[in-house]
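All residue numbers in this chain count up from 1 along the given sequence. These numbers come from the heavy atoms of this one structure, side chains and all, not from hydrogens, waters or symmetry mates.
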Amino acid sequence: FGEVLAVPVDNAPGQGTRVLLGLERPGDLHPSVRRFYTAASGGYLLRRQPARCPDSLSPAGLGAVAPALTAPTATIQCDHESIVALADSVAGSLSTVCAVVDALNRFVYTRIRKRNVATFSSAVETLKAGYGDCGEHAVLLAALLRARGVPARVLLGLVYLREKRAYLGHAWGGMETPAGWLYADPARGRFPVTTGLVPLVVDDDGTGAMHVLKLIGRTRIDHSTDGE
C-alpha cells in the first residue's frame, strides 16, 4: 500500500508543525475522519495527537465507552481462540492501555514479516501466514487490542517518509480513549505516533482503499510551524 499515493513535501513534520490537508474537492474528506480535522482556509487542519500515552488509562473501562470497537468483525476476529490466546499471552499481565498497546504493537512488528500482498487479509489469516504489508499489520493489531478490551480501528491514509521527502499511502492502528485517539504503527514499530500520519479513511474491512486511490493527484499537504 505504501507506493499507492505520493505527496511530495519539502519540510518534514515535527512536533510543532501544523499540517493542512488540501483536497481538490472539499467533499473528498471522508466522513469517518472528519473528527480528526478542523475546517480552515485552504483545506482541513489536522488536529494534534496527544503528545504521550496517558499512563492512568485502564483497558477495563474502555470497552464500555465504545463497545462496537471491541466487537469482532469478519476481518478483526478478536473472539477467535488463536487471537484471544495470543493477546493474553503477550499482554495478559499488563494493566494499562499504554502498556498493552506498546506490547502488542511491538509483537506484531517483530512477528509479521514485511511483504506486499494483493488482497486485504483478515487478522486470523495474517497470523497464520506470518507476513503481510501495513494493512495486515494494522488489522492484526486491531484484533489483538480488541481481544484485550481496547477499542481499536484500522486507519488508511498517508505516512511521511523522510528518506523520500514525501507522504505515501499507509495503514495503521487507532485507539479511541477519553484522552483522544492514539496512533500505533505496527508495520514500522512505532507507538505512540504523534506526527507524520494523515488519516484519510477509517477502514476495518479493506474496502476503504478505493477512497484513498481516488485521491491520487488531488491531494496537497502544507506544513508550517505554530504562529505562521
Side-chain angles (χ1 to χ4, degrees), residues 1-2 32-33 36 49-50 53 57 59 62-63 66 68-94 96-117 119-159 169-177 180-194 196-197 199-209:
F1 189 60
S32 65
V33 297
F36 302 118
Q49 295 304 115
C53 181
L57 288 176
L62 291 185
L69 302 190
T70 56
T73 71
T75 53
I76 303 178
Q77 305 115 314
C78 57
D79 60 343
H80 192 277
E81 59 182 8
S82 63
I83 298 293
V84 173
L86 179 57
D88 289 345
S89 173
V90 175
S93 63
L94 302 175
T96 70
V97 169
C98 302
V100 169
V101 177
D102 184 56
L104 292 175
N105 190 64
R106 283 188 286 109
F107 176 85
V108 175
Y109 173 68
T110 57
R111 171 72 176 269
I112 302 302
R113 300 189 304 277
K114 282 53 179 171
R115 183 188 303 178
N116 288 333
V117 297
T119 59
F120 186 91
S121 303
S122 71
V124 172
E125 290 170 337
T126 299
L127 184 60
K128 288 180 179 179
Y131 64 83
D133 58 29
C134 55
E136 279 68 36
H137 284 71
V139 77
L140 177 57
L141 176 63
L144 292 170
L145 288 171
R146 289 191 184 196
R148 294 300 305 166
V150 178
R153 306 295 302 268
V154 174
L155 292 97
L156 303 185
L158 305 173
V159 60
H170 195 49
W172 65 94
M175 286 65 64
E176 187 171 11
T177 77
W181 279 68
L182 300 172
Y183 290 161
D185 188 349
R188 304 178 70 218
R190 301 169 63 211
F191 172 76
V193 186
T194 58
L197 292 174
L200 296 178
V201 63
V202 177
D203 179 33
D204 295 335
D205 59 9
T207 60

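- Applying the ring-ring contact (aromatic ring centres under 6.0 Å, His included) rule to Phe107 yields no partners; only residues at least two apart in sequence or on another chain are considered.
- For the pair Ala171 and Leu156, the tightest heavy-atom approach, listed with the atom from each and the gap, is CB-CD2, 3.4 Å.
- Arg111 CZ: 12 or fewer foreign heavy atoms inside a 6.0 Å radius.
- Of all heavy-atom pairs spanning Ala74 and Ser122, the tightest one is O-CB, 4.1 Å.
- For the atom pair Ser121 OG and Leu140 CG, the distance stands at 10.5 Å (nearest 0.5 Å).
- The distance from atom NE2 of His170 to atom CG of Asp133, rounded to the nearest 0.5 Å, is 10.0 Å.
- Residues Val159 and Trp172 form no side-chain contact, since every pair of their non-hydrogen atoms from C-beta on lies 4.5 Å or further apart.
- With rounding to the nearest 0.5 angstrom, the CG atom of Leu182 is 7.0 Å from the SG atom of Cys98.
- Side-chain contact check for His137 versus Lys114: some heavy-atom pair is nearer than 4.5 Å.
- Between Pro199 and Trp181 there is no side-chain heavy-atom pair separated by less than 4.5 Å.
- Atoms CG and SG, from Asp185 and Cys134 in turn, are 8.0 Å apart once rounded to the nearest 0.5 Å.
- Between Val33 and Leu200, the closest side-chain pair of non-hydrogen atoms is not below 4.5 Å.
- The two residues Cys78 and Ile83 come nearest to each other via the heavy atoms CA-CG2, 4.1 Å.
- Minimum interatomic distance between Gly173 and Ala138 (heavy atoms only, all atoms of both residues): N-CB, 4.4 Å.
- Glu81 has its side chain out of reach of Val84: every pair of non-hydrogen atoms, C-beta onward, lies at least 4.5 Å apart.
- A 4.5 Å side-chain heavy-atom check between Leu144 and Leu86 finds at least one atom pair inside the cut-off.
- Proximity of a side-chain donor or acceptor of Asn105 to a complementary backbone N or O of Arg190 within less than 3.5 Å is detected.
- The heavy-atom pair separating Tyr183 from Gln49 by the smallest distance is CE1-CD, 3.6 Å.
- Side-chain contact between Leu69 and Arg146: present, with at least one pair of heavy atoms (C-beta onward) separated by less than 4.5 Å.
- Using a cut-off of 4.0 Å between Lys/Arg side-chain N and Asp/Glu carboxylate O, Arg148 and Asp88 are scored as salt-bridged.
- The closest side-chain heavy-atom distance from Asp204 to Val154 is below 4.5 Å.
- For the residue pair Ile76 and Thr73, the shortest heavy atom distance occurs at N-OG1, 2.9 Å.
- No side-chain donor-acceptor contact under 3.5 Å links Glu136 to the backbone of Thr126.
- A donor-acceptor pair is defined here as one N or O able to donate and one able to accept, closer than 3.5 Å; such a pair exists between the side chain of Gln77 and the backbone of Ala123.
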